[in-house]
Amino acid sequence: MNNALFLDDWTVDAVEKPDRKTYRIKARYDTLPDACPKCGSVGRLYKWATIPTEYLDAPVHGRRTIIVVEKQRLRCRECGATFMQPLPDMDPKRSLTKRAVEYIAEQALYDTNLSVARTLGVQEKTVRQIVDEANAEREANHRISGPLILGIDELVLQGEPRAILIDVGHGRILDILPDRTIGLVHRWLSWLPDRERVHIVTTDMWNPYREATYAALPNAVIVADKWHVQKKIGEAVDKVRNRLARNLSRAQRRKALRGRRLLLTHRGRLSPRAAFVLDGWLKNNPVLNDAWEMKEMLYGLWDAPDRANAEALFAEMKESIRPSVAEEFGEFCRTIDNWYAEVFAYFDHRQTNATTEALNGVVKIANRAGRGYHFKQIRARALFAPRRANPVMVCEECLGRFDPQHLPMLTVGWHPRICPTCMAFNVPGWVKPHGRSTPKSE
């Protein structure tokens, strides 16, 4: 019979199908040891008995696969010791093949532990133990280096805020920290290999991130994420709306809540019907109209062509805050003043944390997919699950992003990529010093 197991030195005697969801393969391993593992005698072994043993294999054709092995028991004529025939393709700690263990470790990065356990017919505890061992090995081999553009944000896992660090240029997660304290973030940044390569750090408006970055990466430019700034604008509008809602009836408050999305949507993105409804609402509420106009003025800040124009618009906006909304928008302006350099650095570099937010969503989906995951397993799923390759490169000179696949005339194998913006050569990898080549000259 053909070797249906596709394993070397195995003979398959029978393949049974006891039901529609199971394969049962009877097989034997043809290689016997020649030396006694106890006394070391060679050629003094003889067969003592066979013991049928079942091992679970990785699924075949979507079926649960069981290998029944006639495991040979051997005895030494010199010392009288008995031992079992070693099976190098079987896991020494479990009744599983090694490729079944590999299957579990890989599949658990995509699917829930319980689903993987049901597919193979093992306990969920077994899957969890295998995954923890695999993640420990992955962690030991995990290597990162400082990206050109680093994103720092937070996400809530298991009810606790965690810091997440992203290579913004290449759209990949570098790490997720157990918390977001300044000490932990500073330590991670200080230990980051090649941290001198980091030119820009995009972050939300959380002061410990800023302090840790200035301390560990003094030459990097911090850019406050514009989406977090716009969120602050929306919070100011919400505070005005909530203040006004306190004097309304219950039915009117429900109506005000339904209109929240209309208030926060930019004028240019409203449909004609939505614009008509909002116009009628604002005409009947002058204070809300003041808040909405301030919001639109601030949203327009991001359309400024350069930093000087943006700063002039912001100064004009601060002077034109109306008394009816001075409390809420005055607080917003004080926040911007505290983050002035970081907020307006956006107009010099045009970088945001949008990639970081997108990857935050991926991690949250992985967290919601199963119950009972501890933080280390959620982190491992985020770091080690294979993602679609991102072909985008970041230029070492201008920090612009471009897709080398769209430049066939400039891309040949591992040869330099040429940035279409500044025409600089980008030669990732092959100019780095290593043992097989001469280090790059200074």
I'd like to know if the side chain of [X] and the backbone of [Y] have a donor-acceptor N/O pair within less than 3.5 Å.
| X | Y | result |
| --- | --- | --- |
| R381 | D111 | yes |
| K295 | I233 | no |
| T65 | R63 | yes |
| R138 | A380 | no |
| Q351 | I200 | no |
| R197 | G146 | yes |
| R180 | R162 | no |
| Q85 | T31 | yes |

Assess the side chains of [X] and [Y]: does a donor N or O sit below 3.5 Å from an acceptor N or O?
| X | Y | value |
| --- | --- | --- |
| N309 | D306 | yes |
| T202 | D225 | no |
| E293 | N289 | yes |

Side-chain ion pair, R241 and D238, N-O less than 4.0 Å: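 Judged by the 4.0 Å cut-off on N to carboxylate O distance, R241 and D238 do form a salt bridge.
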Cationic N near anionic O, under 4.0 Å, K231 to D204: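 Between D204 and K231 there is no salt bridge, as every charged N stays at least 4.0 Å from the carboxylate O atoms.
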Whether over 12 other heavy atoms sit under 6.0 Å from K71 NZ: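 Counting neighbours around NZ of K71, more than 12 heavy atoms of other residues, nucleotides or ligands fall under 6.0 Å, so yes.
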Greater than 12 external heavy atoms within 6.0 Å of E316's CD: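 No.
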Quick check for you: to the nearest 0.5 Å, what is the distance between [X] atom [atom1] and [Y] atom [atom2]?
| X | Y | atom1 | atom2 | result |
| --- | --- | --- | --- | --- |
| D290 | E328 | CG | CD | 11.0 Å |
| W292 | M297 | CH2 | CE | 11.0 Å |
| L177 | W188 | CG | CH2 | 7.5 Å |
| N113 | Q129 | CG | CD | 11.0 Å |
| I149 | H349 | CD1 | NE2 | 10.0 Å |
| Y55 | L87 | OH | CG | 5.0 Å |

Stepwise salt bridge (charged side-chain N to carboxylate O under 4.0 Å, His left out) check, K283 with D279: CA-CA 6 Å; K283 285 181 177 178; D279 185 60; 3.2 Å; yes
L7 vs R99, side-chain contact (heavy atoms from CB on, under 4.5 Å): CA-CA, chis, key distance, verdict: CA-CA 10 Å; L7 295 173; R99 64 186 178 190; 3.7 Å; yes
Single hit among D167, I166, L174 for side chain to side chain contact (heavy atoms under 4.5 Å, CB included) with H170: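 Filter result, single survivor: D167.
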Ring geometry between F347 and W302 (parallel below 30°, tilted from 30 to 60°, perpendicular above 60°):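 Taking F347 first and then W302, their aromatic rings lie parallel (interplane angle under 30°).
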Y209 and W206 aromatic ring geometry - parallel, tilted or perpendicular at 30°/60° bounds: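 Plane angle over 60°, so perpendicular.
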Step-by-step side-chain contact (heavy atoms from CB on, under 4.5 Å) determination, M317 to F329: CA-CA 10 Å; M317 186 278 301; F329 281 90; 5.6 Å; no
Intermediate values then yes/no, salt bridge (charged side-chain N to carboxylate O under 4.0 Å, His left out), E235 and K239: CA-CA 6 Å; E235 290 173 358; K239 289 177 182 178; 5.7 Å; no
Residue pair R379, E139: steps toward the side-chain contact (heavy atoms from CB on, under 4.5 Å) verdict: CA-CA 10 Å; R379 175 178 174 272; E139 183 69 32; 2.7 Å; yes
Working for side-chain contact (heavy atoms from CB on, under 4.5 Å), residues T213 and E342: CA-CA 12 Å; T213 302; E342 294 79 16; over 6 Å; no
